[in-house]
Number of protein chains: 2
Amino acid sequence: MSRILVVDDEPQLLRALGISLRARGHGVEAAASGAAALEIAGRVPLDLVILDLGLPDIDGVEVVRALRGWSATPIIVLSARDAQADKVAALDAGADDYMTKPFGMDELLARIRAALRRATPELEAPVVTMGRNNIDLAAKRVTNAEGEVRLTPTEWQLLELLVRNPGKLVSQRQILQTVWGPAYTTETNYLRVYLAQLRRKLEDDPARPRYLVTESGMGYRFEPDT
Amino acid sequence: MSRILVVDDEPQLLRALGISLRARGHGVEAAASGAAALEIAGRVPLDLVILDLGLPDIDGVEVVRALRGWSATPIIVLSARDAQADKVAALDAGADDYMTKPFGMDELLARIRAALRRATPELEAPVVTMGRNNIDLAAKRVTNAEGEVRLTPTEWQLLELLVRNPGKLVSQRQILQTVWGPAYTTETNYLRVYLAQLRRKLEDDPARPRYLVTESGMGYRFEPDT
DNA sequence: CGGTGGCGTTAGGGGCCCGTCAAGCCCGGG
DNA sequence: CCCGGGCTTGACGGGCCCCTAACGCCACCG
């Protein structure tokens with residue numbers, strides 16, 4: 001899966017972590033000193049470094065600084081020291097996370113997952129799919145194979161509200177209040193008109209809506225596919 | 001600098017954090033409930049979310065999950081609960097970091113710096129092409145075959161904001177706020193005038209803009225070619 | 001079978017938003 | 001003092017969006 005370097009001078013922690021990580025499919029490199037760590041980091045490409053600050057040779061913060069000189073690999077620092085100044089120094093030197101010993105293995109593994117998750121580019125924008133349409137909430141645009149689907153501001157607000165509550169029923173009152181304002185909670189005509197426009201633009205068969213569903217007498221619901 | 005949302009139901013922490021962050025040049029949004037947090041996150045683009053789990057309405061982990069449904073913004077979780085299970089749940093829901101209350105402000109600020117640092121790749125191609133024009137963001141210059149295109153400071157700020165968010169819609173409010181300042185969020189005339197000037201200088205056919213696109217009633221968008 | 005309430009659909013007009021132009025203002029340099 | 005570039009302000013025309021209202025449809029029920 002990923003390649004992880006564990007730097008610690010306690011053999012038992014090294015062993016325990018190695019077993020846990022390997023069991024999850026990661027490749028594990030081990031080092032017991034700062035010099036060894038830097039040597040390995042320069043030799044093999046790494047996805048994550050777990051670094052104990054209490055090393056026999058080099059000060060851990062210096063190791064972080066040296067690594068940051070040429071590498072952007074995420075670094076999780078472990079340390080027996082709990083003072084704020086130590087944490088600030090390590091984080092500002094370039095570390096991504098700081099855990100104080102003793103720590104729970106579950107928490108460390110969770111922080112490792114978090115670090116690896118955000119390290120993987122995952123460049124794809126967070127996009128909601130709706131049949132053949134892609135809804136990009138960040139860019140505020142809807143596209144499909146034929147190009148861009150043009151939505152008016154009101155149409156977009158309505159769609160956004162429903163899509164941000166996938167599978168959940170949104171009451172007419174709630175829709176009217178957030179899209180048109182608190183003074184319009186009885187103007188249910190607006191809903192009918194704009195839902196129709198959205199369905200005409202986005203549904204394959206607007207007469208038989210599959211994604212923008214009506215719950216009669218209650219409200220509307222965005223139904224994500226499968 | 002960066003735009004940060006702080007979610008907490010303790011007014012004092014909200015105030016203290018707001019002051020510290022604003023003093024460092026960040027824009028700060030505040031919310032006291034999960035619903036308010038989600039509403040703000042949907043309205044303004046954010047660079048970081050600081051989220052207290054002990055909210056009066058929605059469970060904090062649910063807020064994390066909801067945000068992750070459409071947003072990749074880094075999330076730092078604050079909580080009074082120290083159990084490993086809580087940390088693992090929040091981190092696996094998509095949080096980037098987890099701090100237990102009470103915490104030191106210096107450490108929190110250091111973790112905020114770390115989160116913002118790794119979020120901004122900053123090595124984006126400093127030169128963007130826009131038809132026959134080359135936009136050098138680092139040198140703040142626009143050139144084409146005929147030489148340099150002279151832009152006024154305001155024109156450049158506007159262009160830079162749009163180009164730094166390629167494909168994304170930038171609201172009129174946001175443009176006015178970042179280019180002219182918070183007191184000018186209603187002066188939409190400025191936008192019309194300066195967009196026209198930019199298009200006259202940069203677009204092949206200023207009457208039919210291809211790169212600096214208007215989204216009526218919402219804002220503007222820089223459309224990179226293919 | 002006729003009434004009723006809720007929903008879908010359509011079309012048109014008024015008004016808002018945007019693009020454009022030009023004149024006035026501010027300020028620093030010649 | 002004048003001058004020029006950049007910024008602000010206002011006016012105007014056109015296009016598009018929002019609202020509105022009317023009608024048809026369906027389900028339900030007396």
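All chains are named by letter (A, B, ...) in the order of the sequence lines, taking the proteins before the strands, and each is independently numbered beginning at 1.
The stretch residues 171-182 of chain B comes close to DNA chain C through B:Gln172, each having a heavy atom under 4.0 Å from the strand.
Among the nucleotides D:dG10, D:dC17, D:dT20, the one closest to the side chain of A:Val193 is D:dT20. Picking from C:dG6, C:dG19, C:dT10 the nucleotide with the shortest atom distance to the side chain of A:Arg200 gives C:dT10. When distances run from any side-chain atom of B:Ser216 to the nucleotides D:dC17, D:dT8, D:dC19, the shortest one goes to D:dC17.
Atom CD in A:Glu215 sits about 14 Å away from atom C1' in C:dG6, given to the nearest Å. Summarising the geometry, the separation between CD on A:Glu187 and P on D:dC18 is reported as 15 Å, rounded to the nearest angstrom. Here C:dG8 presents its C1' atom at 8 Å from OH of A:Tyr220, a figure rounded to the nearest Å. We find that CG of A:Leu195 is positioned 10 Å from P of C:dT9, with the value rounded to whole Å. Atom CG of B:Asn189 is separated from atom C1' of D:dC7 by 13 Å (rounded to the nearest Å). When rounded to the nearest whole Å, the span between CD of A:Gln197 and C1' of D:dC19 equals 11 Å. A straight line from CG of A:Leu191 to P of C:dG5 spans 20 Å, rounded to a whole angstrom. Protein atom CH2 of B:Trp156 is 19 Å distant from nucleotide atom C1' of D:dG5, rounded to whole Å.
Residue contacts shown for B:Thr188 are absent, as no nucleic acid heavy atom lies under 4.0 Å away. No engagement by B:Tyr184 is indicated, since no non-hydrogen atom pair under 4.0 Å with the nucleic acid exists.
Nearer to the 5' terminus of DNA chain D, by closest-nucleotide assignment, is the contact made by A:Leu151 (compared with the other of A:Tyr190 and A:Leu151). Mapped onto DNA chain D by nearest heavy atom, B:Arg192 and B:Arg150 fall at different nucleotides, with B:Arg150 at the one closer to the 5' end.
The pair B:Arg199-B:Asp205 does not count as a salt bridge, with every side-chain nitrogen at least 4.0 angstrom from each carboxylate oxygen. In summary, A:Arg210 and A:Asp204 do not engage in a salt bridge, as defined by a charged side-chain N under 4.0 Å from a carboxylate O.
Under a cut-off of 6.0 angstrom, the local environment of CZ in B:Arg81 is sparse, with at most 12 non-hydrogen atoms contributed by other residues, nucleotides or ligands.
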Next item on the list: Check step by step if salt bridge (charged side-chain N to carboxylate O under 4.0 Å, His left out) holds for B:Glu146 and B:Arg132.
Entry: CA-CA 10 Å; B:Glu146 298 149 24; B:Arg132 60 211 185 89; 3.4 Å; yes
Checklist line | Working for side chain to side chain contact (heavy atoms under 4.5 Å, CB included), residues B:Ile75 and B:Arg68 | finding: CA-CA 9 Å; B:Ile75 301 175; B:Arg68 277 288 170 268; 3.7 Å; yes
Item checked: side chain to side chain contact (heavy atoms under 4.5 Å, CB included) between B:Leu14 and B:Glu10, intermediate numbers included -> CA-CA 6 Å; B:Leu14 225 51; B:Glu10 297 177 26; over 6 Å; no
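Taking side-chain N and O atoms only, A:Thr214 has no distance below 4.0 Å to OP1 or OP2 of C:dC7.
Going from atom CG of B:Leu78 over to atom CG of B:Leu17 covers 7.5 Å, rounded to the nearest 0.5 Å.
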